[in-house]
Amino acid sequence: MAHPFQLFNTLTRKVENVEPLVPGQLTFYSCGPTVYSFAHIGNFRSFLTADLLVRTATALGYDVRYATNITDVGHLTEDDVTDATGEDRMARALRSREGQQFANVWDLARYYADELISDWKHLNLREPSVRPRATEHMREQILAVQELLDRGHAYETKQGVYFSVASFPGYGSLSGNLDATTLEQSVRDVVSDPEKKDARDFALWKKDDAHLMQWYSPWGWGFPGWHIECSVMAMQYLGDEIDIHAGGEDLIFPHHECERAQSEALSGKPFARYWVHTRFLQVEGKKMSKRSGNFHTVRDLLASLEKGGRGVDPLALRMTLLAGHYRKPYNFTFDTIRAHTRHRERLTEALRAVNMDPMDAAQGAGTSDPASMGSFEPLYDRALAAMSDDLNTPEALAVLFEGVKRILSASPGLSRDEQNQAAAWLHGMNRLLGVVYPEHEGAQEPSATQQDDTHIDELIEERQKARAEKDFARADAIRGELTALNIEVMDSPDGVRWKRKTTF
RNA sequence: GGUGACGUGGCCGAGUGGCUAGGCAAGGGUCUGCAAAACCCUGUACGGCGGUUCGAAUCCGCCCGUCACCUCCA
């Protein structure tokens with residue numbers, strides 16, 4: 001391997017060389033969202049970290065097996081609370097105005113899961129090797145809970161089944177929440193099961209025959225605890241010991257701490273070797289929340305202006321999200337989106353300069369073997385080195401811009417050979433970063449509609465005619481009309497091009 | 001209260017002991033019927049105060065500020 005793959009491991013609080021269990025292979029589990037609403041940019045910052053991890057590992061030559069789940073069970077908003085205030089997130093979503101279109105929670109979950117995958121593709125995220133869903137692994141979860149009971153790591157009360165934290169000495173080492181008293185105090189003011197033996201114990205199964213999603217178990221009707229699904233699915237698809245486990249920083253505690261305890265109690269082996277956590281982003285300098293008015297879903301940003309969206313180019317959004325290092329606080333702003341929309345335009349210019357049609361660059365995906373990049377190979381190497389170094393995306397982007405500048409300064413005038421080398425480099429950079437051109441069929445420009453385009457093309461046509469007749473007054477008038485439609489026209493030696501102007 | 005992270009030019013962001021990324025925005029120029037794109041040029045920053053050192057944005061200490069987790073959240 002050209003570069004050692006290094007990642008910050010939450011467990012050891014150090015940047016470490018990634019040494020997989022089986023050399024050359026990498027098993028990776030990334031925690032997905034609960035699908036009770038549209039995914040927001042914060043969700044995707046974390047999914048993007050997973051995506052970049054997979055791309056980098058693949059580029060380094062690892063054979064990656066990548067699982068990411070969909071949580072389609074509505075867990076309680078407070079894990080321990082058994083009274084009426086501990087409401088299920090999905091049940092709440094169903095009652096909301098938007099949720100009333102769904103017949104039941106199952107429909108709601110299915111709808112948002114589909115939307116998640118649609119956003120996923122727009123943002124050029126790689127498809128996982130497997131995308132398991134919690135509801136489709138109920139039997140395995142019940143068996144796991146039973147196994148924990150049999151092994152003496154869990155106990156049953158009138159209200160549920162709990163994992164006994166005292167039975168697992170390593171509890172707390174991932175999050176640093178080692179102090180039992182602190183934990184006890186923090187859960188003191190919520191209503192909890194009086195039969196729980198230890199305040200830290202968490203639910204494996206909740207008995208509840210009134211819950212909107214319920215299954216039959218050895219303990220009667222109810223539903224599984226939040227953490228058990230990931231243990232079960234990770235172990236089923238990747239094995240008892242996995243190499244890397246990732247998620248948002250909020251998952252360090254309690255989710256990953258609990259997941260780890262359960263899994264290791266089940267298998268008797270270390271669960272994940274490296275834990276990778278993505279920091280929350282801020283939006284316009286503040287924590288993203290609906291109340292602050294800075295809450296953005298991916299679909300709102302990508303949707304066209306006509307449809308009430310912001311008309312952001314999907315890959316510009318992707319680039320904006322990866323412009324900050326995943327472990328550092330990152331302030332997401334519209335200024336930054338604007339800057340990256342510009343970068344996308346330059347990238348498109350570069351694709352043109354090397355004779356790649358930006359719209360179907362994916363089809364023409366020629367070779368991107370570093371050897372065929374010629375003098376661009378060092379630039380690829382630097383980007384790969386940056387990504388290998390704990391996913392240093394800002395550095396990798398800087399390398400990308402350097403290469404783009406190099407291509408544009410030399411063009412026109414690039415030889416056929418140079419064009420091919422530059423094209424191979426751009427393909428390689430796209431495989432690594434996914435910001436050069438879309439990789440999924442139909443993932444580009446969800447904002448554009450056929451109708452708009454026809455009208456615009458007519459105006460352009462008319463203007464061209466006027467220009468040919470040297471009727472520049474008429475040509476400029478049409479330009480004005482187009483400008484009013486937020487269309488910018490660009491004349492060039494090889495024809496007219498136009499684009500929608502950024503309006504945010 | 002406990003634990004942790006971060007503070008770089010107008011803005012976004014690398015760098016982590018000497019060689020001082022990259023981009024956006026701005027100003028000037030080339031090109032163009034106009035405009036855009038593109039290209040060329042200009043711009044020397046590291047929260048504060050001490051300390052270590054021949055030399056610190058980079059190491060150490062203190063202070064100030066911002067954020068996060070400990071409680072549903074990616």
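In the text below, chain A, chain B and the rest are named by the order of the sequence lines, each starting its count at 1. Below, all heavy atoms of this structure are taken into account, side chains as well, without hydrogens, waters or symmetry copies. Please read all numbers here as calculations on a predicted model, not as lab measurements.
Nucleic acid contact class of A/G42 (heavy atoms, under 4.0 Å, all strands): base. Within 4.0 Å (heavy atoms only), A/R463 reaches at least one base atom of the nucleic acid. Backbone-only contact: A/L408 has heavy atoms under 4.0 Å from sugar-phosphate atoms and none from a base.
For the C1' atoms, the distance linking B/C12 with B/U8 amounts to 11 Å, nearest Å. Between B/G7 and B/G48, the two P atoms lie 13 Å apart (nearest whole Å). The gap from the C1' atom of B/G15 to that of B/A57 amounts to 9 Å, rounded to the nearest Å. Look at the P atom in both B/C46 and B/C41: the space between them is 26 Å, to the nearest Å. Across the C1' atoms, B/C60 and B/U42 are found 39 Å apart, a figure rounded to whole Å. B/G43 and B/U20 are spaced 14 Å apart, taking the P atom of each and rounding to whole Å. Distance check on atom C1': B/A14 versus B/C24 gives 15 Å, rounded to whole Å. Nucleotides B/A56 and B/G51 place their C1' atoms 12 Å apart, quoted to the nearest Å.
Straight-line distance from the CZ atom of A/R497 to the C1' atom of B/A36: 9 Å, rounded to whole Å. Separating the OH atom of A/Y36 from the P atom of B/C72 is a distance of 12 Å, rounded to the nearest angstrom. Between the CZ atom of A/R45 and the P atom of B/A68 there is a distance of 13 Å, given to the nearest Å. Put simply, OH on A/Y326 is 16 Å from C1' on B/A68, counting in whole angstrom units. Put simply, CG on A/L400 is 15 Å from C1' on B/C24, counting in whole angstrom units. With rounding to whole Å, A/E249 atom CD is found 9 Å from B/A68 atom P. The distance from atom CZ of A/F472 to atom C1' of B/A35 is 12 Å, rounded to the nearest whole Å. Atom CH2 of A/W226 is separated from atom C1' of B/U71 by 11 Å (rounded to the nearest Å).
Applying the 3.5 Å distance criterion, the base of B/C72 shares no donor-acceptor pair with the side chain of A/D250. Looking at A/R479, its side chain comes within 3.5 Å of the base of B/C34 through a donor and an acceptor atom.
Considering NZ of A/K121 and CG of A/L116, their distance stands at 11.0 Å, rounded to 0.5 Å.
At a non-hydrogen distance threshold of 4.0 Å, A/R279, A/F280, A/L281, A/Q282, A/K287, A/M288 from residues 274-288 of chain A come into contact with RNA chain B. Looking at residues 46-57 of chain A, you'll see A/S46 sit with a heavy atom under 4.0 Å from some atom of RNA chain B.
A donor-acceptor contact shorter than 3.5 Å links the side chain of A/E284 to the backbone of A/F334. Using a distance-only test at 3.5 Å, with no hydrogens or angles considered, a donor-acceptor pair links the side chain of A/D390 to the main chain of A/F8. No side-chain donor-acceptor contact under 3.5 Å links A/K197 to the backbone of A/S164.
For RNA chain B, runs of at least 3 consecutive pairs of the Watson-Crick or G-U wobble type, with both hydrogen-bonding distances under 3.5 angstrom, map to B:1-7 with B:64-70, B:10-12 with B:22-24, B:26-30 with B:38-42, B:47-51 with B:59-63.
You'll find the side chain of A/L379 reaches within 4.5 Å of the side chain of A/R382, heavy atoms only. No side-chain heavy atom of A/F271 sits under 4.5 Å from any side-chain heavy atom of A/L174. Using a 4.5 Å heavy-atom cutoff, the side chains of A/D491 and A/R467 are in contact. At least one side-chain heavy atom of A/F202 sits less than 4.5 Å from a side-chain heavy atom of A/Y171. A 4.5 Å side-chain heavy-atom check between A/F376 and A/M429 finds every atom pair outside the cut-off. You'll find the side chain of A/F332 reaches within 4.5 Å of the side chain of A/I337, heavy atoms only. In this structure, the side chains of A/Y326 and A/T393 stay at 4.5 Å or more apart for every pair of heavy atoms. Between A/L482 and A/W498 there is no side-chain heavy-atom pair separated by less than 4.5 Å.
Taking only side-chain atoms of A/M490, from C-beta outward, the nucleotide of B/C72, B/A37, B/C34 with the closest atom is B/A37. Comparing B/A36, B/A74, B/G33 against the side chain of A/E488 picks out B/A36 as the nearest.
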Annotated protein contacts, base or backbone, on nucleotides 11-23 of chain B with a non-hydrogen cut-off under 4.0 Å, one of B, S, - each: -SSSS-----BSS
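A/W120 carries A/R131 over the face of its six-membered ring, with the cationic atom under 6.0 Å from the centre and within 45° of the normal.
Proximity of A/S409 to the phosphate of B/C40: a side-chain N or O atom is located under 4.0 Å from OP1 or OP2.
Partners of A/H255 according to the side chain to side chain donor-acceptor pair (under 3.5 Å) rule, which considers only residues two or more places apart in sequence or in another chain, are A/H227, A/E259.
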List, with names and distances, any nitrogen or oxygen atoms from the protein found under 3.5 Å away from nitrogen or oxygen atoms belonging to nucleotides 27-32 of chain B.
none

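A/F44 and A/H296 have their aromatic ring centers separated by at least 6.0 angstrom.
Between A/H277 and A/G248, the closest heavy-atom pair is CD2-O, 3.5 Å.
Mapping A/R13 and A/L251 onto RNA chain B by nearest heavy atom places A/R13 closer to the 5' end of the strand.
Judged purely by distance below 3.5 Å, without hydrogens or angles, the side chains of A/S173 and A/R260 pair a donor atom with an acceptor atom.
Look at A/K465 and A/E462 and you find no salt bridge, because none of the NZ, NE, NH1 or NH2 atoms lies under 4.0 Å from a carboxylate O.
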